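See below for the structure under consideration.
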Amino acid sequence: MSDLIQIAQQTILSPVGLAEQDLDRMLGELTGKGVDAADLYFQSSRLESWVLEDGIIKEGAHNIEQGAGIRVISGEKTGFAYSDELQLPTLLEAARAARAITRSGAEQSVRISGVPITRQLYAAINPLPTLNEVEKVELLRQLDQEARNQDPRVKEVIVSLVAAHDVVLVAAIDGTLCADVRPLVRLNVHVIAEQGSRREQGSSGGGARESLDYFVQQGRGLGYAREAVRQAMVNLEAVDAPAGSMPVVLGPGWPGVLLHEAVGHGLEGDFNRKGTSAFSGRIGEQVAAGCCTVVDDGTLPGRRGSLTMDDEGTPGQNTVLIENGILKGYMQDKHNASLMKVDSTGNGRRESYAHLPMPRMTNTYMLPGKHDPAEIIGSVDRGLYAVNFGGGQVDITSGRFVFSASEAYLIEKGKVTRPVKGATLIGNGPESMTRVSMVGDDLKLDAGVGVCGKEGQSVPVGVGQPTLKLDELIVGGTEQ
Amino acid sequence: MAQRKAELQQLIEDLLAEARRQGATAAEAAVSSNAGLTLTVRLGETETIEHTRDNGLGVTVYFGHRKGSASTSDLSPQAIKETVEAACNFARYTSEDPCSGLAEAELMATETPDLDLYHPWHQSVDEAIELAIRCEDAARDFDPRIFNSEGASLNSHDGLHVYGNTHGFVGGYPSSRHSLSCAVVGKQDGSMQRDYWYTLSRQSERLESPEEVGRRAAERTVARLNARQLPTQQAPVLFQADVAVGLLRSFIGAIRGSALYRKASFLLDHLERPVFPAFVTIHEEPHLPMGLASAAYDNEGVATRSREFVRRGVLESYVLDSYAARKLGMQTTGNAGGVRNLRISSGELDREGLLGKMDRGLLVTELMGQGVNMVTGDYSRGAAGFWVEGGEIAYPVEEITIAGNMRDMMMGLLEVGSDRETRCSVQTGSWLIERMMIAGE
């Protein structure tokens, strides 16, 4: 899409007096003997956030971030420098610093050309002004009121709204020249409810690569407010969670964080190239039960984890990671792909120009199976039904992963009975996935709230899954 | 540095004047400028060399009791002007909040002692690579079961931070921070484990030697090989000093003003009540020379001073900035931006002594996941470590969880070790806790 390139040039390069021939000159500085790949990443971001607390609009903030990252690759070596000053002399200095990784070679000329991006997954809009200030304030107040109207036990409500407009331009010595305009909006409602001396919290929200109108449409925002209160009310009734190994049924949607931790990170190309993942060297092997097919899909229109192109200019793709339990492939960026002699899967992502790209997930989910969710719950004599989660973490080398339930219930004799307090669940990725015994027909994706952290870099991601049952997982409660 | 500091101070003063010109009744701003080198070697070869250079500026304006904020990484005059305008624009739409505003003028720091925070490391990239290679080599040569590596990383960063507000306070100081870390992978009977070690200081001469860092990374990795699970049971738990830091941080989170006025703390209404056994005192020392969190004033310009948050087990003070203080009808404790060099009192026993005292139970050396509910204090986290029998390590364990409630864990603290973790601004020795629920097979 040449108009994306045009937007990026107008947003980032023109204001600082840079033109396409300056990019050629910088890339020329980066080429030569010993250089296998090199790229320039220009970024201009505007972010706006609003917070309502105590019934008043407490915070409003605006953030500008712009700069360029310059990367040079030689074999397994990477040189990297960046600058938030977009002036040619500063950028050339950064280019020479990054280039020092190879220590040899002379300047050559590079002529960049465009790589066509065939499918735009979101509109090239700036979401910040898609509601005016008065409308934003009104939206926050409505949600506060909606939450308080649900139940008199609601004591505190915090509503936060974030809109980001991110324009990026990638130019590389392999001829890549492409750009993306990435809108991202996020709304969250957090409540604290009180009953006697007991206090509990509930939280709900959503987001997408859309305009802010997304939260007004279909009453989405009001829905988050009601959902946050519902969760807090459930938690007020929760009893201590059980401790020990037992069958666990995970609800559809956000509990897909299981897949993100148990298999997703372990299938990122860098860990597998280095042989440090519990999944290293296992392509073609059975790593999950036959009912499990897991994909990483960056091509879903408008979703939080989707990418028209990744941060190296590769279009977002739908990659099959596990098919009917068999490990099919890893997620790759250009560098790891070339070292492993495969193609990039469009998973090269970075938090910003000031960070190096690496293989990262987009939207990771499990395809639906054949079971009715009620049938799955009905099959459990005593176990846990977990429908909402906080974050998770994984040690990709041993395969151990955790994720923390924030809304869960006991299953007794095939029926969902009492709510239990939040508890951490722990398992081992390759082992736990072989214990998936039933997969529901109710695939759901999360509401657009995921943030993934890796080596200090955060990127927005999505997860999803149908209802599924693991025959055995350790539940970290307090009741034996 | 002195010239850069003068430039940034001028920038802050100009910006505050611009905010005034745009109608703000008060304003405050902070700017930081950092530069450094991050490099990684892996399997004896250079893997990445990153030259980092970060600028950041944040401004908050007040129109009476309405507030607006904005920040930028671009310090060009145009971006700064846009930033001040954005902040002023927000202040037109935020609500009147009687508690908002600058900290009281009479609390501003008047003296800025030299806290010895700036020790640049004058080394070439080649010398830095050499150090990292020595570190990784020491780890890889430690044991034949170490078969792979995530590499050794060296970080060296210098920064300058300047803060000013319309009370006329402007302060700035340079600082440095250097670290060396190593992570290696071991294998035995087909299963892999990784672990790491790091050293961190404001002065490069105070770092542990590269060989020591590598050796400890390898030692920790090898010790974890052939880990087993445990049966579900209740048992005493010893949190090794480096993970006990997280417990102390959770406690601090619960006495932070922002959590208290939102009623989002498990220590609501606990002031002047016992929260730990009587042997515990928790002390803050903001002026510690070379301290990792030392500062003469906080993020609002308020003079910092040493303070006891817990004395003989009793909660004596919350952790407050001026906003939270006004919300709670108290006075700021000079903790805008957090606590600065916190220490818990410790006993005579080191880790080995505490293992003996525990006799039989779980030594936790790694925690996974978030798992701490700050509203209720409910605690449930993934853990790995060692099972202890007869006061000695019997075997490594993994894939278990430990659970309890922070309030019970704090009151059930039997002893704090003398093996103080010094690589954090929040420092503690190991914590021996009477009893927790362990979930396993």
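Lettering follows sequence order; numbering is per chain, from 1. The structure presented is a predicted model; accordingly, all values stated were derived computationally and were not measured.
Heavy-atom pairs under 4.5 Å with chain A peak, among Gly440(B), Gly382(B), Ala403(B), at Gly440(B). When Gln234(B), Arg194(B), Lys187(B), Arg92(B) are compared by the number of non-hydrogen pairs under 4.5 Å with chain A, Arg194(B) comes out ahead. Ranked by heavy-atom pairs under 4.5 Å with chain A, the first of Glu96(B), Met374(B), Arg224(B) is Arg224(B). Per-residue counts of heavy-atom pairs under 4.5 Å with chain A were compared for Ser73(B), Ala439(B), Ala227(B), Gly58(B); the largest is that of Ser73(B). Chain B forms the most heavy-atom pairs under 4.5 Å with one residue out of Lys136(A), Arg198(A), Glu472(A), Glu53(A), and that residue is Glu53(A). Per-residue counts of heavy-atom pairs under 4.5 Å with chain B were compared for Ile73(A), Asp395(A), Val137(A); the largest is that of Asp395(A). Ranked by heavy-atom pairs shorter than 4.5 Å toward chain B, the options Ala354(A), Ser45(A), Gly391(A) are led by Gly391(A). Here Gly244(A) is the residue among Ser404(A), Gly244(A), Pro15(A) with the most heavy-atom pairs under 4.5 Å with chain B. Counting heavy-atom pairs closer than 4.5 Å to chain A, the top residue among Gln370(B), Arg262(B), Lys67(B), Glu441(B) is Arg262(B). Ranked by heavy-atom pairs shorter than 4.5 Å toward chain A, the options Glu150(B), Arg381(B), Arg42(B) are led by Arg42(B). In terms of heavy-atom pairs under 4.5 angstrom with chain B, the leader among Trp50(A), Tyr82(A), Phe403(A) is Tyr82(A).
Proximity to chain B is limited to the backbone of Ala278(A), based on heavy atoms less than 4.5 angstrom apart. For Val185(B), the part sitting under 4.5 Å from any heavy atom of chain A is the side chain, from C-beta outward, and nothing else. Contacts of Tyr353(A) with chain B are made by side-chain atoms alone, with heavy-atom separations under 4.5 Å and no backbone atom involved. Ala87(B) does not touch chain A: none of its heavy atoms, backbone or side chain, sits under 4.5 Å away. Both the backbone and the side chain of Thr397(A) have a heavy atom closer than 4.5 Å to some heavy atom of chain B. Looking at Asp54(B), the atoms closer than 4.5 Å to chain A (heavy atoms on both sides) sit in the backbone and in the side chain alike. When heavy atoms are compared at a cutoff of 4.5 Å, Ile158(A) approaches chain B solely by way of its side chain, counted from C-beta outward. Looking at Asp97(B), the atoms closer than 4.5 Å to chain A (heavy atoms on both sides) sit in the backbone and in the side chain alike. Only the backbone of Phe401(A) comes within contact range of chain B, judged by heavy atoms closer than 4.5 Å. With a 4.5 angstrom heavy-atom cutoff, Thr221(B) does not touch chain A via any of its atoms. Arg46(A) touches chain B through its side chain: at least one heavy atom from C-beta onward sits under 4.5 Å away, while N, CA, C and O do not. Residue contact with chain B, scored on non-hydrogen atoms closer than 4.5 Å, is absent for Glu261(A). Heavy atoms closer than 4.5 Å to chain A are found nowhere in Ser191(B), neither backbone nor side chain. For Glu194(A), the part lying under 4.5 angstrom from a heavy atom of chain B is the side chain only. Only the backbone of Val475(A) comes within contact range of chain B, judged by heavy atoms closer than 4.5 Å. Contact of Val51(A) with chain B is not made at all, since no heavy-atom distance falls under 4.5 Å. Only the backbone of Ser277(A) has a heavy atom closer than 4.5 Å to any heavy atom of chain B. Using a 4.5 Å cut-off between heavy atoms, Glu156(A) contacts chain B through its side chain alone, with no backbone atom that close. Contact annotation for Ile56(A): both backbone and side-chain heavy atoms come within less than 4.5 Å of a heavy atom of chain B. With a threshold of 4.5 angstrom between heavy atoms, Asn55(B) approaches chain A through its backbone and through its side chain.
Tyr379(B) has its side chain within reach of Ile402(B): a pair of non-hydrogen atoms, C-beta onward, lies under 4.5 Å apart. Side-chain contact between Phe266(B) and Thr376(B) is absent, with no heavy-atom pair separated by less than 4.5 Å. Val397(B) places a side-chain heavy atom less than 4.5 Å from the side chain of Leu362(B). In this structure, the side chains of Leu86(A) and Gln66(A) come closer than 4.5 Å at one or more pairs of heavy atoms. Counting only heavy atoms from C-beta outward, the side chains of Leu37(B) and Thr52(B) never approach each other to under 4.5 Å. Under the 4.5 Å side-chain criterion, counting only non-hydrogen atoms from C-beta, Val157(A) is in contact with Asp144(A). Side chains of Val375(B) and Lys263(B) form no contact here, defined as non-hydrogen atoms less than 4.5 Å apart. At a threshold of 4.5 Å between non-hydrogen side-chain atoms, the residues Glu398(B) and Gln193(B) count as touching.
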Practice task
Run the numbers on Asp270(A) and Asn336(A) for side chain to side chain donor-acceptor pair (under 3.5 Å), then give the verdict.
Solution key: CA-CA 6 Å; Asp270(A) 45 355; Asn336(A) 286 287; 5.1 Å; no
Handout entry: Stepwise side chain to side chain donor-acceptor pair (under 3.5 Å) test for Asn148(B) and Thr276(A)
Key = CA-CA 7 Å; Asn148(B) 201 344; Thr276(A) 57; 5.8 Å; no
Problem - Evaluation steps, side chain to side chain contact (heavy atoms under 4.5 Å, CB included), between Arg99(A) and Ser74(A) - result: CA-CA 9 Å; Arg99(A) 175 75 167 78; Ser74(A) 173; over 6 Å; no
Exercise for the section: Let me see the working for Glu50(B) and Leu356(A) under side chain to side chain contact (heavy atoms under 4.5 Å, CB included), right down to the final yes or no. Expected result: CA-CA 9 Å; Glu50(B) 297 181 52; Leu356(A) 274 170; 3.7 Å; yes
Handout entry: Test log, rule side chain to side chain contact (heavy atoms under 4.5 Å, CB included), inputs Phe42(A) and Leu91(A)
Key = CA-CA 11 Å; Phe42(A) 288 85; Leu91(A) 293 171; 4.1 Å; yes
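With hydrogens and angles ignored, the 3.5 Å screen pairs a side-chain donor or acceptor of Arg220(B) with a backbone N or O of Tyr196(B). A donor-acceptor distance shorter than 3.5 angstrom exists from the side chain of Ser265(B) to the backbone of Ala254(B), with no hydrogens or angles considered.
Checked for salt-bridge contact, Asp54(A) and Lys327(B) meet the test: a charged N lies under 4.0 Å from a carboxylate O. The pair Glu47(B)-Lys77(A) does not meet the salt-bridge criterion, since no charged nitrogen lies less than 4.0 angstrom from a carboxylate oxygen. With salt bridges taken as basic N to acidic carboxylate O contacts below 4.0 Å, none links Glu200(A) and Lys421(A). With respect to the salt-bridge test (charged N to carboxylate O, under 4.0 angstrom), the residues Glu366(B) and Arg400(A) qualify.
Contacts between residues 75-82 of chain B and chain A, defined by a heavy-atom separation under 4.5 Å, are made by Ala79(B), Glu82(B).
In the model, Ser153(B) has a side-chain atom that pairs as donor or acceptor with a side-chain atom of Thr40(B) under 3.5 Å.
Stacking of Lys454(A) on the aromatic ring of Phe271(A) is recorded, both the 6.0 Å distance cut-off and the 45° axial limit being met.
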